[in-house]
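Positions are given from 1, in the same order as the sequence printed here.
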Amino acid sequence: MPQAVSDALITPVILCGGSGTRLWPASRKCMPKQFIPLTGPLSMFQDTVKRVSDPACFAAPIVVTSDEFRFVVAEQLREIDTQAEIVLEPSPRDSGPAVAVAAVLAGGRHKRGLVLILPSDHLIPDAAAFTAACVEAAKGAQDGFIMTLGVAPTGPATGYGYIRPSRATGSGGALAVEAFVEKPDLATAKTYVEQGYLWNSGNFLFRADVMLDELSQFAPDMRRAAEAAVAQATRDLDFLRLDGEAFAAAPKKSIDYAVLEHTRKAAVLPVSFRWSDLGEWDAVLANSERDANGNSLSGNVHVRDANNSLVHSEGMLTAVLGLDDVVVVTTQDAVLVTSRAASPQVKDLVESLKASGHAEATEHLRMHRPWGWYQRVDIGTRFQVKRIMVRPGAQLSLQKHFHRAEHWVVVRGTAEVTRDAEVLLLQENESVYLPLGCVHRLTNPGKIPLELIEVQVGSYTGEDDIVRITDVYGRSA
């Protein structure tokens, strides 16, 4: 369990689920937008963690994520040298149960401790302004309010929820919340902006005991399920794994519907820093650096006679000629071309691709694993070729296959290969053959990444033809 902290420090809780399909093909279910860099060198998740890294204001963060992303979270935290409590949700239950779990965990650190809920995929470039807003909002939270950061609108956006503020609360700059309202149409959004409504940023701050009391009043089943899931949680390596059966008893409901729309303790702090949830490609363009023609260009791209467009490539040369107001995104296995006006419909496009059986709708060519990644190079009848990278000190599971043999060729680094009773040490340009059914394992004993080419040959080359015998990452049966 997390160590006790002072109630003066704010415990950041970063909600790290979601699939991010509106930013396909860069963001997909297997690696959603929070884990990819969109507006800078760090991922959105890493930017969020760095935003709450001031030890004078913030305690060590809690990250709530799924089993699927646990090693991605751990690796991205390691890359920015940050320690966090990583909590694994057994199943997706929306934000309400996640917030309830956060309140239980933070309450275990300090009953009246302050908790800051943060989405993992929002853009807030001015970290200092954000910290200052949290310090100000903490005054209201300490007085017993559930504080939301309400962003002053820069225009009538239809992609955000809104907050209708009312009177001052007497706690710093906090205003009472008269109503939370859903995403409006354009005409309604214009009216909201004229009437002084604020964008609901999804960042909110409260005392742990206050949130638990409000859950008891408005969502008692959710609180009971969260407490049971934490009480029966188990340690899995460096992760806290919530109890699956207890957590499944929590109603699947957002915290807005469960508590915020019912409580009389909701308050909002108006803020004016730049903020976006980057919910679609047009929003990425609006929040990116642009050239003299209004274009946002990243990667291996070449553009002529184009204006106000986003062109993004993850390797392949992408050339755009004579087009305005478009979005062109190129990855290694998929290309998206759309008008900026239609970019909010990318999510619907992805659903159509899934219904048509396109694996590219949810999976990248490069698939991340706790030991590194693999990337498909080619596939055909009875064969598949992969490129594999293993991080220094990491190892694959001890495993075997029933339907394929494998041939490994080292192209960089040093490989330690277990093959039945043998242990082989391979250098660059050396290879090993793994016959069908042999028990084998790959380890990187070196100080640099190990890269190799794997050629699979057999009647079936699917990922589910892996029998894990032992695994340092807890994935064996």
Side-chain angles (χ1 to χ4, degrees), residues 1-3 5 9-20 27 29-90 95 98-99 101-102 105-106 108-109 115-125 127 130-131 134 203 230 233-242 278 364 366-373 389-395 444 447 449 471-475:
M1 293 295 175
Q3 296 180 347
V5 297
L9 291 178
I10 300 168
T11 297
V13 177
I14 302 171
L15 305 184
C16 212
S19 58
S27 171
K29 184 177 183 295
C30 69
M31 184 61 71
K33 70 170 182 174
Q34 59 265 33
F35 299 122
I36 62 177
L38 287 171
T39 59
L42 298 180
S43 72
M44 304 302 297
F45 167 65
Q46 289 172 318
D47 276 336
T48 302
V49 174
K50 298 282 279 187
R51 197 180 307 135
V52 290
S53 60
D54 184 351
C57 299
F58 302 107
I62 297 171
V63 180
V64 182
T65 188
S66 67
D67 187 78
E68 180 180 5
F69 299 133
R70 67 194 189 281
F71 293 112
V72 177
V73 168
E75 175 62 16
Q76 293 204 352
L77 288 170
R78 186 196 64 78
E79 290 173 354
I80 58 174
D81 194 25
T82 299
Q83 300 292 320
E85 175 77 285
I86 305 175
V87 180
L88 304 182
E89 291 183 302
S95 62
V99 172
V101 164
L105 289 171
R109 293 179 172 186
V115 183
L116 172 65
I117 302 296
L118 303 118
S120 60
D121 54 0
H122 287 189
L123 175 71
I124 303 176
F130 179 80
T131 299
C134 291
N203 296 268
V230 171
T234 57
R235 281 286 170 190
D236 179 359
L237 301 177
D238 294 329
F239 310 109
L240 181 67
R241 188 180 293 278
L242 299 174
L278 297 183
H364 286 282
R366 178 171 294 184
M367 299 294 289
H368 292 264
R369 291 294 182 263
W371 41 261
W373 50 259
M389 188 282 287
V390 184
R391 292 194 303 271
Q395 64 176 215
N444 180 359
K447 302 295 184 183
D471 182 65
V472 296
Y473 307 108
R475 299 173 299 164

Val87 vs Thr65, side-chain contact (heavy atoms from CB on, under 4.5 Å): CA-CA, chis, key distance, verdict: CA-CA 6 Å; Val87 180; Thr65 188; over 6 Å; no
Audit row: Leu118, Val13, side-chain contact (heavy atoms from CB on, under 4.5 Å) steps and yes/no: CA-CA 6 Å; Leu118 303 118; Val13 177; over 6 Å; no
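At least one side-chain heavy atom of Leu105 sits under 4.5 Å from a side-chain heavy atom of Leu240. Contact check for Phe35 versus Asp121: no side-chain heavy atoms found under the 4.5 Å cut-off. Counting heavy atoms from C-beta outward, Val472 and Trp371 have side chains that stay 4.5 Å or more apart. For the pair Ile14 and Val49, the minimum side-chain heavy-atom distance is below 4.5 Å. Side chains of Gln83 and Leu77 form no contact here, defined as non-hydrogen atoms less than 4.5 Å apart. Contact check for Val72 versus Phe45: no side-chain heavy atoms found under the 4.5 Å cut-off. By the 4.5 Å heavy-atom criterion applied to side chains, Pro119 and Leu15 are not counted as neighbours. Using a 4.5 Å cut-off on side-chain heavy atoms (C-beta onward), Ile62 and Arg109 make contact.
Between the Gln46 side chain and the Gln76 main chain, a donor and an acceptor come within less than 3.5 Å of each other. Side-chain N or O atoms of Arg391 include one that pairs as donor or acceptor with a backbone N or O of Pro370 at under 3.5 Å. Within the 3.5 Å criterion, the main-chain N or O of Ile80 finds no donor-acceptor partner in the side chain of Lys50. A donor-acceptor contact shorter than 3.5 Å links the side chain of Gln34 to the backbone of Gly17.
Between atom CG of residue Asn203 and atom CD1 of residue Ile117 there is a gap of 9.5 Å, rounded to the nearest 0.5 Å. Between atom NE2 of residue His122 and atom CZ of residue Phe130 there is a gap of 10.5 Å, rounded to the nearest 0.5 Å. Of the inter-residue distances, the one linking Leu38 atom CG with Lys33 atom NZ reads 8.0 Å to the nearest 0.5 angstrom. Distance SG/Cys16 to CE/Met44: 11.5 Å, rounded to 0.5 Å. One distance of note links CD1 of Ile10 with SG of Cys134; it measures 5.5 Å at 0.5 Å rounding. Here the straight-line distance linking atom CG of Asp67 with atom CG of Asp236 works out to 7.5 Å at 0.5 Å rounding.
When all heavy atoms of Ala98 and Val64 are compared, the closest pair comes out as CB-CG1, 4.1 Å. Of all non-hydrogen atoms in Ala60 and Pro12, the two that sit nearest each other are O-CD, 4.2 Å. Ala59 approaches Thr11 most closely through the heavy-atom pair CB-OG1, 3.9 Å. Nearest heavy-atom pair, Ile36 versus Met31, reported as atom, atom and distance to 0.1 Å: CG2-CG, 3.9 Å. Contact detail for Val115 and Ala106: the closest heavy-atom pair is CG2-CB, 3.3 Å. Nearest heavy atom pair, residue Phe69 against residue Cys30, reads CE2-O, 3.6 Å.
Residues Phe239 and Phe71 bring their aromatic ring centres within 6.0 Å.
Ion pairing between a basic and an acidic side chain is recognised when a charged N comes within 4.0 Å of a carboxylate O; Arg475 and Glu68 show no such pairing.
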